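Only a predicted model underlies this, so the values are computations on that prediction, with no experimental measurement involved. The first residue in the sequence is number 1, and the count goes up from there.
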Amino acid sequence: MRLLGTISPDRPLLVVAVREEAAHLDDRLPVLLTGIGKVNATAALATVLAQGELPSEVINLGTAGALRPGWEGMHHVVQVIQHDLNTAALQHLTGRSYGAPLVVGKGDGPVLATGDLFVDSPDAKERLAEHADLVDMEGYAVATVAHRAGVPVRLVKYVSDEAGDGAARSWQESVDGCARHLADWVHAQGW
C-alpha cells in the first residue's frame, strides 16, 4: 500500500492496484496504490479512509479482462459482483446474504466480476460471461469499503485483455497503453 498525495474533501481519491496502471497519472490528485486482489484493496482503502479526511469520492481506475467478444476500451461500471464467493451456499448455511451485487453507476453499462483469480482459462471466462461483461481483481472490494464509509464510488476500467488464453501476456503488453487512456480520462474530467 502506498498513498501518493494528500486526501481532502474537495477532491476525489484515485484508487489503483499497481504502479503500472498508474504510470501516467500526475500529482494533481491523491493516488492510492493498493496492491493486487480483494484483501489488499480492502485493507489499503479502509486504512486510508479511517485515518482522517474523506475524499469527495473514490474512483477505482484499472484494467479489466473482457468476458465477451467486442468489449474493448473504457467502461464505467454500473454493477459489480464477486465471482469467487459462493453466496448461495453461505445463504443456505447461515440464512444471511453475503456478497450481494453492488450498484456503482447509473444507466447502461457493464457488470464487473471481481475475484482473486486471474482469469486466463476459457472455462473460467465462459462461466463468468454468464453473469458479467468484465472481470478484475479489486473493484468489488473498493466499492464495498467506499459504500461502508459513506463515500461515493466510481469504477472506471480499461479493457487490457480477453480474459482467456494468453491474458497474462496481453495484460503485460497492453497495460502501459491502458494506463495512458486512464490518465487521459482523469485529465478530461478537469482535475
Side-chain angles (χ1 to χ4, degrees), residues 1 15-22 32-47 58-94 96-105 109-148 153-179 182:
M1 175 186 99
V15 178
V16 184
V18 292
R19 62 182 168 77
E20 290 87 349
E21 293 173 323
L32 176 62
L33 299 173
T34 66
I36 293 175
K38 293 188 303 183
V39 171
N40 287 326
T42 299
L45 185 56
T47 298
V58 168
I59 301 174
N60 176 218
L61 299 174
T63 56
L67 296 171
R68 298 186 178 143
W71 284 82
E72 47 188 40
M74 183 89 61
H75 297 279
H76 299 265
V77 174
V78 298
Q79 186 179 54
V80 60
I81 63 173
Q82 288 189 84
H83 71 77
D84 59 354
L85 182 67
N86 190 336
T87 54
L90 294 174
Q91 173 80 32
H92 177 74
L93 290 170
T94 67
R96 292 180 300 279
S97 178
Y98 295 93
L102 299 174
V103 173
V104 293
V111 173
L112 176 69
T114 297
D116 285 324
L117 172 71
F118 184 85
V119 178
D120 60 358
S121 79
D123 291 341
K125 176 182 176 177
E126 186 177 315
R127 179 181 57 79
L128 291 176
E130 294 174 10
H131 308 284
D133 307 298
L134 304 172
V135 62
D136 84 337
M137 299 177 73
E138 298 82 26
Y140 190 94
V142 170
T144 298
V145 172
H147 280 177
R148 289 186 181 179
V153 64
R154 282 195 270 177
L155 307 180
V156 180
K157 301 294 176 172
Y158 201 91
V159 174
S160 59
D161 58 81
E162 293 184 356
D165 288 334
R169 182 179 36 78
S170 293
W171 184 86
Q172 289 176 319
E173 292 171 355
S174 68
V175 68
D176 189 66
C178 294
L182 290 166

**Student:** Under the 3.5 angstrom rule, does the side chain of Ser174 hit a backbone N or O of Ser160 as a donor-acceptor pair?
**Tutor:** yes
**Student:** Over all heavy atoms of both residues, which pair between Gly139 and Leu112 is shortest? Give the atoms and the distance, please.
**Tutor:** CA-CD2, 4.2 Å
**Student:** Say you draw a straight line from CG of Leu45 to CG of Leu32; how long is it, rounded to the nearest 0.5 Å?
**Tutor:** 6.5 Å
**Student:** Check ring-ring contact (aromatic ring centres under 6.0 Å, His included) between Tyr140 and all other residues, then give those that pass, not counting sequence neighbours.
**Tutor:** none
**Student:** What side chain to side chain donor-acceptor pair (under 3.5 Å) pairs are there with at least one residue in residues 83-94, not counting sequence neighbours?
**Tutor:** Lys38-Asp84
**Student:** Using a 3.5 Å cut-off and no angle test, enumerate the donor-acceptor pairs between side-chain atoms of residues 123-134 and protein atoms at least two apart in sequence or in another chain.
**Tutor:**
residue: Lys125; atom: NZ; partner: Glu162; partner atom: O; Å: 2.8
residue: Asp133; atom: OD1; partner: Arg68; partner atom: NH1; Å: 2.3
residue: Asp133; atom: OD2; partner: Val111; partner atom: N; Å: 2.8

**Student:** Just wondering, are more than 12 heavy atoms of other shown residues or ligands nearer than 6.0 Å to CD in Glu20?
**Tutor:** yes
**Student:** Write down the atom of Ile81, the atom of Pro101, and the distance for their closest heavy-atom approach.
**Tutor:** CG2-CB, 3.8 Å
**Student:** Applying side chain to side chain contact (heavy atoms under 4.5 Å, CB included), run through Thr42 and Thr144 and close with a yes or a no.
**Tutor:** CA-CA 8 Å; Thr42 299; Thr144 298; over 6 Å; no
**Student:** Supply the atom-to-atom distance Cys178 SG to Met74 CE, rounded to the nearest 0.5 angstrom.
**Tutor:** 9.0 Å
**Student:** What pair of heavy atoms forms the shortest contact from Asp116 to Gly37, and how long is it?
**Tutor:** OD1-CA, 3.2 Å
**Student:** Could you give the side-chain donor-acceptor pairs of residues 59-67 under 3.5 Å, partners two or more places apart or in another chain?
**Tutor:**
residue: Asn60; atom: OD1; partner: Lys157; partner atom: NZ; Å: 2.9
residue: Asn60; atom: ND2; partner: Val15; partner atom: O; Å: 3.0
residue: Thr63; atom: OG1; partner: Glu21; partner atom: OE2; Å: 2.6
residue: Thr63; atom: OG1; partner: Trp171; partner atom: NE1; Å: 2.8

**Student:** For the residue pair Val156 and Leu182, establish whether any side-chain heavy-atom pair is separated by less than 4.5 Å.
**Tutor:** yes
**Student:** Please name the pair of heavy atoms, one in Thr34 and one in Ala41, separated by the smallest distance, quoted to 0.1 Å.
**Tutor:** CB-CA, 3.7 Å
**Student:** With sequence neighbours excluded, tell me which residues meet ring-ring contact (aromatic ring centres under 6.0 Å, His included) with His75.
**Tutor:** Trp71
**Student:** Among residues at least two apart in sequence or on other chains, which ones pass side-chain contact (heavy atoms from CB on, under 4.5 Å) with Pro122?
**Tutor:** Asp165
**Student:** Taking side chain as C-beta onward, heavy atoms only, is Ile36 less than 4.5 Å from Glu138?
**Tutor:** yes
**Student:** Out of curiosity, Gln172 CD to Asp161 CG, how far, rounded to the nearest 0.5 Å?
**Tutor:** 10.5 Å
**Student:** Please find the pair of heavy atoms, one from Ala143 and one from Leu102, that lie closest to each other, and give the distance.
**Tutor:** CB-CD1, 3.9 Å
